[in-house]
Colleague: 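Provided herewith is a single structure, encoded as structure tokens, for subsequent inquiry.
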Amino acid sequence: MKSLAVLVSLFVMSGCTTAVKMGERPASSIENVDVKNYILGEPTTAYVGDPVVVRKSYKAVVRQDLYRVDNDFTLQGGLASTALHLDAAAGDKFRVAGTNELGHPVLRIPGTIFMFGVDENGQWDDTVMSPSFWTSPVGSGNQYTMSPADTTFTPVESRTPVSEAGYLNHELVFTGVGSNGLSLLYREYTFEDMARSAFKQELVYPKDTDEIRFRSYQLEVISVSPSEIKYIVRSD
């Protein structure tokens, strides 16, 4: 009779375990990203060692698969193999892994196998789970607490670079004025921002030049001194 009672107890407890349906990848789109340190037609000043032109241009896959937390929070609780302690700061992002039995999105907890649900108001729905029913905490989320209780999560987009689609990642640096003229250094970088030593070029222009043309760039030189250059990027 005692063993029967234990079995019944285990059945009731396991019935409170929340399952997760691992989601398919959300719909995506391709976006062109073009990051520059200048605005065409706007006067700018650079000092010796400063970049005159910085540009990183690439394609990225955009998906609605992240949530950003709007405030600092702590999620903790659980026992033994289901114990966890998560400290997060405002602005941290969590990736959507799927949906739970409530139909809510569940967010991965970094460094663990666990996830937690977020309701339609962007707040914790009191559930914690893993991809497997057998490793999910018994009692769903009632072993855990989130502080503050009104912590809010906002859906945001992720951008995954597609390096094989081609990219630009380079800079043109003002290195000063010497006896040979106005000097610039052109440097290319890998997609991961590592310097490519084989793709470096020193450029020299007359001291009194009023225009710099290099590749697709056209710069109007307003003034130049040994310590600074004032210029306008006319085209890129």
Side-chain angles (χ1 to χ4, degrees), residues 12-37 39 54 56-163 165 191-193:
V12 172
M13 290 175 68
S14 66
C16 296
T17 301
T18 300
V20 56
K21 178 181 178 182
M22 302 303 286
E24 298 178 356
R25 303 201 75 174
S28 62
S29 60
I30 298 293
E31 178 180 286
N32 291 315
V33 180
D34 199 356
V35 180
K36 309 174 183 179
N37 74 328
I39 299 174
V54 175
K56 187 169 184 178
S57 179
Y58 58 92
K59 293 183 182 296
V61 177
V62 180
R63 292 188 178 92
Q64 190 83 33
D65 61 351
L66 294 176
Y67 274 75
R68 182 189 62 237
V69 64
D70 297 333
N71 53 268
D72 297 355
F73 79 92
T74 299
L75 176 64
Q76 60 185 339
L79 300 171
S81 62
T82 63
L84 68 88
H85 184 105
L86 169 66
D87 287 316
D92 285 350
K93 296 176 182 178
F94 299 85
R95 192 168 299 278
V96 177
T99 55
N100 59 22
E101 293 171 339
L102 302 174
H104 297 159
V106 295
L107 312 182
R108 295 184 185 277
I109 299 175
T112 76
I113 63 171
F114 300 109
M115 296 159 273
F116 62 93
V118 174
D119 65 20
E120 60 275 6
N121 297 315
Q123 297 186 328
W124 182 44
D125 66 1
D126 298 324
T127 65
V128 174
M129 69 228 73
S130 80
S132 168
F133 177 87
W134 301 107
T135 55
S136 287
V138 174
S140 186
N142 60 17
Q143 301 176 25
Y144 304 88
T145 58
M146 181 175 286
S147 177
D150 61 352
T151 294
T152 304
F153 300 83
T154 301
V156 294
E157 295 176 335
S158 70
R159 285 170 172 77
T160 305
V162 185
S163 58
F191 191 80
E192 295 76 21
D193 296 326

Colleague: From S57 OG over to K36 NZ, what is the distance, rounded to the nearest 0.5 angstrom?
Modeller: 8.0 Å
Colleague: Does Q123 offer a backbone N or O that forms a donor-acceptor pair with the side chain of N121 under 3.5 Å?
Modeller: no
Colleague: How close do M115 and A97 get, heavy atom to heavy atom, and via which atoms?
Modeller: SD-CB, 3.3 Å
Colleague: Applying the side chain to side chain contact (heavy atoms under 4.5 Å, CB included) test to Y67, which of V96, V156, T152 qualifies?
Modeller: V96
Colleague: Enter the distance from D125:CG to N100:CG here, rounded to the nearest 0.5 Å.
Modeller: 5.0 Å
Colleague: Output yes when a side-chain donor or acceptor of N71 lies under 3.5 Å from a complementary backbone atom of A90, and no otherwise.
Modeller: no
Colleague: Considering non-hydrogen atoms only, spot the tightest contact between S158 and R95 and give its length.
Modeller: OG-NH1, 4.0 Å
Colleague: About how many Å separate CG of D65 and OG1 of T160, when rounded to the nearest 0.5 Å?
Modeller: 7.0 Å
Colleague: Could you please spell out the steps behind the side-chain contact (heavy atoms from CB on, under 4.5 Å) verdict for R159 and V62?
Modeller: CA-CA 5 Å; R159 285 170 172 77; V62 180; 3.9 Å; yes
Colleague: Check for a donor-acceptor pair, side chain of K93 on one end and backbone N or O of E157 on the other, with a separation under 3.5 Å.
Modeller: no
Colleague: When rounded to the nearest 0.5 angstrom, what distance separates OG1 in T99 from CD in E101?
Modeller: 10.0 Å
Colleague: Which heavy atom of S81 sits nearest a heavy atom of F114, and at what distance?
Modeller: O-CZ, 3.5 Å
Colleague: Can you check whether G77's main-chain N or O pairs, donor with acceptor, with Q143's side chain at less than 3.5 Å?
Modeller: no
Colleague: Compare all side-chain heavy atoms of F73 with those of W124 and state whether any distance is below 4.5 angstrom.
Modeller: no
Colleague: Is the ring pair F94/F116 parallel, tilted or perpendicular, if the boundaries are 30 and 60 degrees?
Modeller: perpendicular
Colleague: Going by heavy atoms in the side chains, are H104 and V118 under 4.5 Å from each other?
Modeller: no
Colleague: When rounded to the nearest 0.5 angstrom, what is the spacing between CG in L102 and OG1 in T127?
Modeller: 6.0 Å
Colleague: In Å, rounded to the nearest 0.5 Å, how long is the span from OG1 of T82 to CG of L84?
Modeller: 7.5 Å
